[in-house]
Amino acid sequence: MQRGNVFCVTGIDTDIGKTVATGLIARGLLEAGIRVITQKAVQTGCENISEDIFRHRQLMKHDLFPEDIAGITCSYLYRNPCSPHLAAQLENGEIDTAKITTATKELQTRYEIVLLEGAGGLFVPLKEEYTLIDYFCDIDWPVILVTSSRLGSLNHTIASLEALQKRKIRLSGVVYNRHAATENYIAEDSLYMISLYLRKYGFACPLIEMHNEAFYCEEKSCLPFTTLCGV
């Protein structure tokens with residue numbers, strides 16, 4: 001059986017808009033008639049079913065999938081809202097990334113596209129000496145990077161682009177989250193600078209602007225987000 005494509009959604013920081021971006025990309029793919037499911041690599045700060053998976057489904061305007069109920073879409077769920085490596089230690093465990101990959105490959109057999117959302121930024125530790133970017137490098141699936149217009153994002157974005165380029169990780173696209181209350185001249189300059197550094201590091205990929213959730217009302221299509229997955 002042909003496996004579906006996987007795209008890893010990550011961000012320059014925590015609370016940058018990864019979950020909303022993942023849900024809107026998935027909704028756009030659904031609008032395009034593509035069988036898509038989202039996955040969360042690890043979720044901290046909640047119990048039972050991943051809060052981010054719930055948010056994805058709301059944005060997709062879709063009920064929970066059977067795979068959500070079965071725990072396939074989130075292999076690791078921890079109560080404490082902290083770094084994944086510490087959350088695992090506090091529950092006397094350790095994250096085995098092979099378990100995440102196995103779940104992803106199972107989802108690939110059922111769906112055309114799997115969107116795997118990470119946790120925090122690229123360098124968040126999954127284990128003491130193993131970060132999320134290490135995992136992305138090992139699994140070799142393309143990445144979608146979420147950034148924002150808020151002050152300080154430009155530094156983190158350029159650092160993330162350099163890290164991806166140095167590790168030869170494929171960048172499928174960038175989501176520019178404009179929800180932050182930022183002066184327009186700053187937001188526009190940051191957008192320009194991100195475009196500039198994408199070219200500098202040799203990334204020829206889409207850069208999609210994401211507005212606040214109210215912008216994506218019933219009449220607003222999310223189809224532009226499908227370009228991030230080559231659709």
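For the single chain, residues carry numbers from 1 onward in sequence order. What you are looking at is a predicted structure, and each value in this text was computed from that prediction instead of being measured.
Both F123 and L164 belong to a common hydrophobic cluster when Ile, Leu, Val, Met, Phe, Trp and Tyr are linked at side-chain heavy-atom distances under 4.5 angstrom. Y192 and I208 fall within a single hydrophobic cluster, where Ile, Leu, Val, Met, Phe, Trp and Tyr are joined by side-chain heavy atoms under 4.5 Å apart, directly or via other members. Connection of V114 to L24 is established within a shared hydrophobic cluster, with ILVMFWY side chains joined at heavy-atom distances below 4.5 Å, either directly or through further cluster members. If you chain together hydrophobic residues whose side chains sit under 4.5 Å apart, L228 and F136 fall into the same group. F65 and F54 are assigned to two separate hydrophobic clusters, defined by single-linkage of ILVMFWY side chains at heavy-atom distances under 4.5 Å.
The main-chain N or O of H156 is found under 3.5 Å from a side-chain atom of S160 such that the two form a donor-acceptor pair. Using modelled atom types, no side-chain atom of S50 and backbone atom of C74 make a donor-acceptor pair closer than 3.5 Å. No donor-acceptor pair under 3.5 Å is formed between the side chain of N80 and the backbone N or O of C82. Without hydrogens or angle criteria, E112 side chain to R35 main chain gives a donor-acceptor distance under 3.5 Å. In terms of modelled atom types and a separation under 3.5 Å, the side chain of K40 and the main chain of T73 share no donor-acceptor contact. Judged by distance alone, the side chain of S195 and the main-chain N or O of L191 form a donor-acceptor pair under 3.5 Å. Side-chain N or O atoms of E31 include one that pairs as donor or acceptor with a backbone N or O of C222 at under 3.5 Å. Using a distance-only test at 3.5 Å, with no hydrogens or angles considered, a donor-acceptor pair links the side chain of E91 to the main chain of R79.
I49 and L77 make their closest contact through N-CD2, 3.8 Å (heavy atoms, listed as atom of the first residue, atom of the second, distance). A26 and L115 make their closest contact through N-CD1, 3.7 Å (heavy atoms, listed as atom of the first residue, atom of the second, distance). Smallest separation of non-hydrogen atoms from Y176 and A187: OH-O, 2.6 Å. The two residues L29 and C229 make their nearest non-hydrogen contact at CD1-SG, 4.2 Å. Considering every non-hydrogen atom in both P206 and S172, the closest pair reads CD-O, 3.2 Å. The two residues T226 and A32 come nearest to each other via the heavy atoms CG2-CB, 4.4 Å.
Ion pairing between R150 and D13 holds under the 4.0 Å rule for side-chain N and carboxylate O. Between R55 and E117, no side-chain nitrogen of the basic residue sits less than 4.0 Å from a carboxylate oxygen of the acidic one, so the salt-bridge criterion is not met. Using a 4.0 Å cut-off between a side-chain N of Lys or Arg and a carboxylate O of Asp or Glu, D63 and R57 do not qualify as a salt bridge. Ionic pairing of R167 and D134 is present here: one or more N-O contacts between side-chain nitrogen and carboxylate oxygen are shorter than 4.0 angstrom.
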Query raised in the report: Do K127 and E94 pass the side-chain contact (heavy atoms from CB on, under 4.5 Å) test, and can you show the C-alpha distance, the side-chain angles, and the key distance before you say yes or no?
Result: CA-CA 7 Å; K127 293 183 278 192; E94 183 178 79; 3.6 Å; yes
Query - D140 vs I169, side-chain contact (heavy atoms from CB on, under 4.5 Å): CA-CA, chis, key distance, verdict - result: CA-CA 7 Å; D140 193 31; I169 295 174; over 6 Å; no
Query - Steps toward side chain to side chain donor-acceptor pair (under 3.5 Å) verdict (N5, Y111) - result: CA-CA 8 Å; N5 293 319; Y111 295 88; over 6 Å; no
Requested in this report: Begin with the C-alpha distance, continue with both residues' side-chain angles, and end with the deciding distance and a verdict on side-chain contact (heavy atoms from CB on, under 4.5 Å) for I12 and V146.
Outcome: CA-CA 6 Å; I12 63 165; V146 181; over 6 Å; no
Query raised in the report: Given the rule in the side-chain contact (heavy atoms from CB on, under 4.5 Å) test, do C205 and L198 qualify, once you have shown the distances and angles that lead to the verdict?
Result: CA-CA 8 Å; C205 62; L198 279 169; 4.1 Å; yes
**Report entry** Residues E67, Q39; criterion side chain to side chain donor-acceptor pair (under 3.5 Å); working and verdict
**Finding:** CA-CA 10 Å; E67 292 85 358; Q39 180 187 3; over 6 Å; no
Report task. Before giving the answer on side chain to side chain donor-acceptor pair (under 3.5 Å), spell out for T38 and T22 the whole-Å C-alpha distance, their side-chain angles and the decisive distance to 0.1 Å. Result -> CA-CA 7 Å; T38 64; T22 302; over 6 Å; no
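Atom SG of C8 sits about 9.5 Å away from atom CZ of R170, to the nearest 0.5 Å. Once rounded to the nearest 0.5 Å, the distance linking OG1 of T10 with CG of L122 reads 4.0 Å. Rounded to the nearest 0.5 Å, atoms CG (L30) and CG (L59) are 11.5 Å apart. In this structure, CG in D189 is found 12.0 Å from OG1 in T182, a value given to the nearest 0.5 Å. Atoms CG and NZ, on N177 and K18 in that order, are 11.0 Å from each other to the nearest 0.5 Å. Note that OG1 of T104 and CD1 of I37 are 10.5 Å apart. Values are rounded to the nearest 0.5 Å.
Looking only at side-chain heavy atoms (C-beta outward), L145 and L171 come within less than 4.5 Å of each other. Side chains of H85 and L90 form no contact here, defined as non-hydrogen atoms less than 4.5 Å apart. Residues Y135 and Y130 meet the side-chain proximity criterion, which asks for heavy atoms closer than 4.5 Å. Between I25 and I144, some side-chain heavy-atom pair lies under the 4.5 Å cut-off. Residues P84 and I95 meet the side-chain proximity criterion, which asks for heavy atoms closer than 4.5 Å.
The aromatic rings of Y76 and Y78 sit parallel, their planes meeting at an angle under 30°, below the 60° perpendicular limit.
With sequence neighbours excluded, no residue forms a side-chain hydrogen bond (donor to acceptor under 3.5 Å, both in side chains) with Y197.
Other residues, nucleotides and ligands place more than 12 heavy atoms under 6.0 Å from the CG atom of L223.
Connectivity analysis of hydrophobic side chains (ILVMFWY, heavy atoms under 4.5 Å, direct or indirect) links Y185 to I186.
In the model, S190 has no side-chain atom that pairs as donor or acceptor with a side-chain atom of S149 under 3.5 Å.
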